[in-house]
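Have a look at the structure below, then the notes.
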Number of protein chains: 2
Amino acid sequence: MKPQPSSKAATLHDVARIAGVSLITASRALSKPELVSDKTIARVQEAVAQTGYLPNLMAGGLKSKRSQMVAGIIPALSVAQFLPTLQTLTETLAQAGYQLILGQTGYDVAREEALINTMISRRPDGLFMTGLVHAAAARARLQQAGIPVVESWDFSAQPVDMLVGFSHHDVGRAIAAFFRAKGWQKVGIASANDPRARQRCEGFEATWGQPVPTALVPAPSGLARGREALGTLLAQCPDLQAVYCSSDQMAQGVLVEAQARGLRVPEDLALCGFGNAEFSAHMVPALSTVHVDGAGIGERAAQMILQRCAGQSVEQPVQDIGFSIIERRSTERAPG
Amino acid sequence: MKPQPSSKAATLHDVARIAGVSLITASRALSKPELVSDKTIARVQEAVAQTGYLPNLMAGGLKSKRSQMVAGIIPALSVAQFLPTLQTLTETLAQAGYQLILGQTGYDVAREEALINTMISRRPDGLFMTGLVHAAAARARLQQAGIPVVESWDFSAQPVDMLVGFSHHDVGRAIAAFFRAKGWQKVGIASANDPRARQRCEGFEATWGQPVPTALVPAPSGLARGREALGTLLAQCPDLQAVYCSSDQMAQGVLVEAQARGLRVPEDLALCGFGNAEFSAHMVPALSTVHVDGAGIGERAAQMILQRCAGQSVEQPVQDIGFSIIERRSTERAPG
DNA sequence: CTGTTAGCGCATTCAG
DNA sequence: CTGAATGCGCTAACAG
């Protein structure tokens, strides 16, 4: 009934003393109960309840070399694209008793490198990256640190360690092929200016075979940037028939701007986004887009890291998770 | 030129040996250089570069009782509302050398409590909560842990420690007063079913003075839920004049559904959201909404935690950051 | 099943 | 300005 004996946090030492057992027995009763008799476990748990003991994971980790933390590095929290991945990653790791430490690079390679060093200083049991590790020094550090690393949302022939992603270049090519199959001649690109979005642009142009009018806007791209971008594109090419947008949020903006200018979608202008956001299927017209299983990336990455932490090897350390074009109303008939 | 002498990570011990100084001198050269001669610092840094040494923050933290980590607890990463707060919090803390450990409650009080215990086990130097701490046991634990705690995005007369937020009840009242001043009679609510959104509903009804048709949808609310909710509301009240939505994302859905049904906004139906999302000002019509300085919450929370960590006291440990209704086109004239 | 011994890597006393 | 000793809280080895 009375509160904790002192103002300081109880240690395992206190628990052991109150339970009348040795330190290590108390430790085992809590973390490896199968090695301890039920009676002892009960007494230890009684002492834990009495003292309000919570283990100090820093101390445990120092000795056991397992921090039960995973570092997660993203460009910025405001990039909606990665949220399902991060949410699933965090949840799956949490179920296994691991927490995520978050770091944001702001798409800056120098910050990415500094962040990786900071993270390694915490001795995480694994590291998750959205995108690839860009700095060579950071790659070397990670390899030397010997922890499981998952790069994601991109593809590389030489990953640092493991990878779950797909080729953005291929996405661009697929969209261009899709546009071409529709018979459209005058097409444009409204894209954020981040490395992966640029790869999609390059893929698009590679398949398209000639330069494509492109409006590049700063990342992260949103509705406002989409409106702006359509303005830019129409100034370059007034008889535009179709636009590929580097995010569904941006496509929403292009749609709004089109409607504001009296252009009908898809009759006058067709639209394809990227990301298959929650809202895309419910827009009017419903938005054609590229689906990527973001939650799946988070889930697989978590599993890969957890397997490695459990000492198992991962069968497929490099997974191409693919993508698919989802055709909806916004590209339903060839305009013009 | 040759790589690290062994496959194991270098320790400060190695650095000290190579630099030809004692352990503690190497430690000071890195963390308190003002106490060490420049010559010694240079030699230590040389050794650091040579070994690729990265400090082990777990070990340092164990001794110094400072983990340089802050725990951040949110309902779910997918709640867009909190992203600016989290982004600013993470950045501001990172500038001061602190990292955020993330935990998601899923709006579940039991998970919240378990999560707080897990977090305390990591001995964070501070804890940030979106919302209030609900479980009494968790409040007690946090108070006993003695770390700075900031609750946010809500208001309470008895915060655990510090708080940056505002009254959701007052938001609801303000919107109801705003709607009343417009002269509208038939109004409805499209709201997510989370605790804070419900408080806004209650505030709205309290000021409105009579029951208000309400469509509650599961949190987090998005565009699809908004469409669904407007359907529900129109079924109850076909001559609806105005709708308050618990998020701008949901308001987007209500707008889409209204347009799909041939209702003009605001001529036939006025709309007010909550959150002042990045896109709201750029919709057509521009969306009236409630602005809350989410980034400001993150910034202030970080400052409060950092001040406490620096041993200073915080002048205003409880800050009402307020809110403001932003009138845009979607509520511009009284319909009907 | 339980206990003893010995550190994990570093920073905080105290001394010079 | 530099150093030697001590221990943060816990767990991996080994013993019994």
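Sequence lines set the chain letters: A, B, ... in the order given, protein chains first and strands last, and positions in each chain run from 1.
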A:T25 vs C:dT2: side-chain N/O to OP1/OP2 distance below 4.0 Å: no

Are any of the side-chain heavy atoms of A:M162 and A:E151 separated by less than 4.5 Å? no

Rounded to the nearest angstrom, tell me the gap between atom CZ in B:R43 and atom P in D:dC1. 15 Å

A:L30 CG to C:dC1 C1', straight-line distance once rounded to whole Å: 16 Å

Among A:T88, A:D293, A:T85, A:L89, side-chain contact (heavy atoms from CB on, under 4.5 Å) partner for A:E299: A:T88

Taking atom C1' of D:dT6 as reference, at what distance in whole Å does atom CG of B:L62 sit? 13 Å

Any salt bridge between A:R308 and A:D161, counting N to O under 4.0 Å? yes

Inter-axis angle, terminal five-pair segments of the helix from C:dC1-D:dG16 to C:dG16-D:dC1 [nearest 10°]: 30°

Please determine whether the number of non-hydrogen atoms from other residues, nucleotides or ligands lying under 6.0 Å from atom CD of B:Q158 exceeds 12. no

Any heavy-atom pair between the side chains of B:S156 and B:L163 that's under 4.5 Å? yes

Just the rounded figure in Å: distance from P of D:dC14 to CG of A:L35. 16 Å

A:S22 side chain N/O closer than 4.0 Å to the phosphate oxygens (OP1, OP2) of C:dT4? no

Got A:I101 and B:L100 here, is their nearest side-chain heavy-atom distance under 4.5 Å? no

Scan nucleotides 10-16 of chain C nucleotide by nucleotide, 5' to 3', and note B when protein non-hydrogen atoms come under 4.0 Å of the base, S if they reach only the sugar-phosphate, - if neither. BBB----

Does A:S37 place a side-chain N or O at less than 4.0 Å from the phosphate oxygens OP1/OP2 of C:dT2? yes

Go through the side-chain N and O atoms of B:S121 and B:T118 and say whether any donor and acceptor fall under 3.5 Å apart. no

Please report the distance, rounded to the nearest Å, between CE in B:M58 and C1' in C:dG7. 15 Å

Full working for side-chain contact (heavy atoms from CB on, under 4.5 Å) between B:V150 and B:L127: CA-CA 6 Å; B:V150 178; B:L127 185 139; over 6 Å; no

Compare all side-chain heavy atoms of B:R122 with those of A:Q68 and state whether any distance is below 4.5 angstrom. yes

